[in-house]
Amino acid sequence: MSRESVLLFGLGGIGGIYACILQLSGKCDVHVVARSNYAAVKEKGFKLISPKFGNHDGLKFAGVWKSTEEAAASGTKFSYVLCANKALLDAKPSLSDHLRPIITPSLTSIVLLQNGVGAEEPLHQSFPDTTIISAVVWTGGKALSTSDGVEQFNREGLTIGVDYRENGAKKEEEDAKLEKLVGWLKAGKGDCTVTEDIQSERWVKVIWNCCWNSLTTATRLKTGPFFDSSSQALPLCYTVMREVEAVAKAKGLKIEDGTVDKLIKQCTDVAYPGLPSSMMADNFAGRPMEVEVILGTPVREGQRLGVPVPTLTAIYTIVKALDYGNQNPEAAKA
């Protein structure tokens, strides 16, 4: 009996790690869409450097494809498509456009390994009969400069759950699909915490991201130098986090008391120079940033619910302008 197949879309730092975990599990055939690093991965295989999973050279995936169209043309039917690409709500083509060729109704489940909030709804609209599994990623990872592998560092873990359909249809079936995937990840020694309230967990993570991603990007400083820059730096962090927390609670989500203090401490406990962020790296490189899923959705939800978010709105506007300047370099020369 042939094994089931999974496809990893977005073979960067995080996507590469979870492709490796599934490959090492031996439970499924792993295919990857490798766009910028296609040639290196196809020729050399994939490298993993990890204190948790060990070092592995030349991991060979069942399929290495340049696009989802090419993966679909292979005739392979995928039980899961794991999306670890950058979460850009306003991207053209959209994530739904990329996924459409490889989704088999009633078979394929979409798994989001992305930052931010608000990415599930467009997928539910595009694929109403498809299970959407969503994961909060607490994993340190980066692509190797050689483009043929990844390094995993610090902790590794997912908080994962089904983003259930509004009517609760097929909950038992969707839970079974989640259980199978979690079993495969655990077989590869991945750490998974299953939740039935994934949106609350996502908003806890976005409380973190709204603060550190945006402030490291706007100031071009890691968290340590930012804290040292003025006596107002740390209070600003509390203000940003509490505004996002207020929006989440107004949505009826479960945010435990003390969450903001816990998230602040997780950052301030990091040895100097502290934390950078993926958004900061994207800004330095002039790449599109995940502004909407990290900042835009909380701002719009605050406005919709009548929750004041003045500080968050100001930061969103500044980071949005930085993103605009990166994507329109002629504007900076005007």
Side-chain angles (χ1 to χ4, degrees), residues 3-34 37 41 45-64 78-87 108-116 119-120 131-144 148-163 174-202 204-205 208-209 266 278:
R3 296 192 300 186
E4 294 180 62
S5 293
V6 303
L7 180 71
L8 201 299
F9 180 68
L11 197 65
I14 297 303
I17 289 168
Y18 285 96
C20 291
I21 290 173
L22 288 169
Q23 179 77 8
L24 294 170
S25 77
K27 297 293 185 180
C28 55
D29 289 336
V30 181
H31 297 242
V32 298
V33 173
N37 53 354
V41 176
F46 204 69
K47 180 184 295 184
L48 172 65
I49 299 172
S50 168
K52 177 175 181 178
F53 303 103
N55 297 337
H56 301 268
D57 284 316
L59 291 172
K60 290 290 187 177
F61 299 120
V64 180
F78 299 104
S79 296
Y80 301 90
V81 178
L82 280 68
C83 303
N85 57 307
K86 197 180 304 296
T108 310
S109 296
I110 298 171
V111 185
L112 292 178
L113 305 176
Q114 296 179 321
N115 281 327
E120 294 90 356
T131 297
I132 310 294
I133 296 171
S134 192
V136 178
V137 182
W138 298 100
T139 299
K142 64 179 181 180
L144 300 178
D148 62 344
V150 291
E151 179 183 357
Q152 179 266 320
F153 55 87
N154 293 340
R155 64 177 290 191
E156 178 278 322
L158 300 176
T159 302
I160 190 168
V162 176
D163 192 66
E174 294 194 315
D175 285 341
K177 291 180 176 180
L178 172 64
E179 183 179 2
K180 181 190 293 184
L181 176 64
V182 168
W184 292 353
L185 290 166
K186 288 184 175 180
K189 299 184 180 179
D191 181 15
C192 296
T193 300
V194 175
T195 178
E196 289 205 354
D197 185 10
I198 190 59
Q199 286 305 315
S200 290
E201 298 295 337
R202 274 207 168 275
V204 169
K205 179 69 181 293
W208 168 278
N209 287 139
Q266 284 178 1
S278 58

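- Taking each heavy atom of Lys60 and Gly45 in turn, the nearest pair found is NZ-N, 3.7 Å.
- For the pair Ser25 and Gly188, the tightest heavy-atom approach, listed with the atom from each and the gap, is CB-N, 3.5 Å.
- Within a 6.0 Å sphere centred on NZ of Lys189, heavy atoms belonging to other residues, nucleotides or ligands number 12 at most.
- To the nearest 0.5 angstrom, Asp57 atom CG is 8.5 Å from Asp148 atom CG.
- Residues Gly15 and Ala84 share a closest heavy-atom pair of CA-CB, 3.5 Å.
- We find the CD-CG distance between Gln114 and Asn85 to be 5.0 Å, quoted to the nearest 0.5 Å.
- Partner Leu158 forms a side chain to side chain contact (heavy atoms under 4.5 Å, CB included) with one of Leu185, Thr193, Val111, Val136 and no other, that one being Leu185.
- Taking NZ from Lys86 and CD1 from Ile14, the interatomic distance works out to 11.5 Å, rounded to the nearest 0.5 Å.
- Here the closest non-hydrogen pair linking Ile110 and Cys83 is CG2-SG, 4.1 Å.
- Rounding to the nearest 0.5 Å gives a distance of 11.5 Å between CG of Leu82 and CG of Leu11.
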Asn115 vs Ser278, test: side chain to side chain contact (heavy atoms under 4.5 Å, CB included). Steps then yes/no. CA-CA 10 Å; Asn115 281 327; Ser278 58; 3.8 Å; yes
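- Side-chain contact check for Gln23 versus Phe46: every heavy-atom pair is 4.5 Å or farther apart.
- Side chains of Glu156 and Tyr18: a donor-acceptor N/O pair is present below 3.5 angstrom, by distance only.
- Legend: residues meeting side chain to side chain contact (heavy atoms under 4.5 Å, CB included) with Ala176, ordered by chain and number and at least two apart, are absent.
- Closest approach of Val64 and Ala34 over heavy atoms only: CG1-CB, 4.2 Å.
- Qualifying ring pair (Phe, Tyr, Trp, His ring centres under 6.0 Å) partners for Phe53, counting only residues two or more places apart in sequence or in other chains: none.
- Side-chain contact between Val162 and Ile198: absent, with no pair of heavy atoms (C-beta onward) separated by less than 4.5 Å.
- Other residues, nucleotides and ligands contribute over 12 non-hydrogen atoms within 6.0 Å of the NZ atom of Lys205.
- A 4.5 Å side-chain heavy-atom check between Leu48 and Leu24 finds at least one atom pair inside the cut-off.
- The structure places CG of Asp191 at 8.0 Å from OG1 of Thr139, a figure rounded to the nearest 0.5 Å.
- Ring pair Trp184/Tyr80 is perpendicular by interplanar angle, where above 60° counts as perpendicular and below 30° as parallel.
- Taking each heavy atom of Cys192 and Ile160 in turn, the nearest pair found is CB-CG2, 4.3 Å.
- Taken from CZ in Arg202 to OG1 in Thr195, the straight-line distance is 12.0 Å, to the nearest 0.5 Å.
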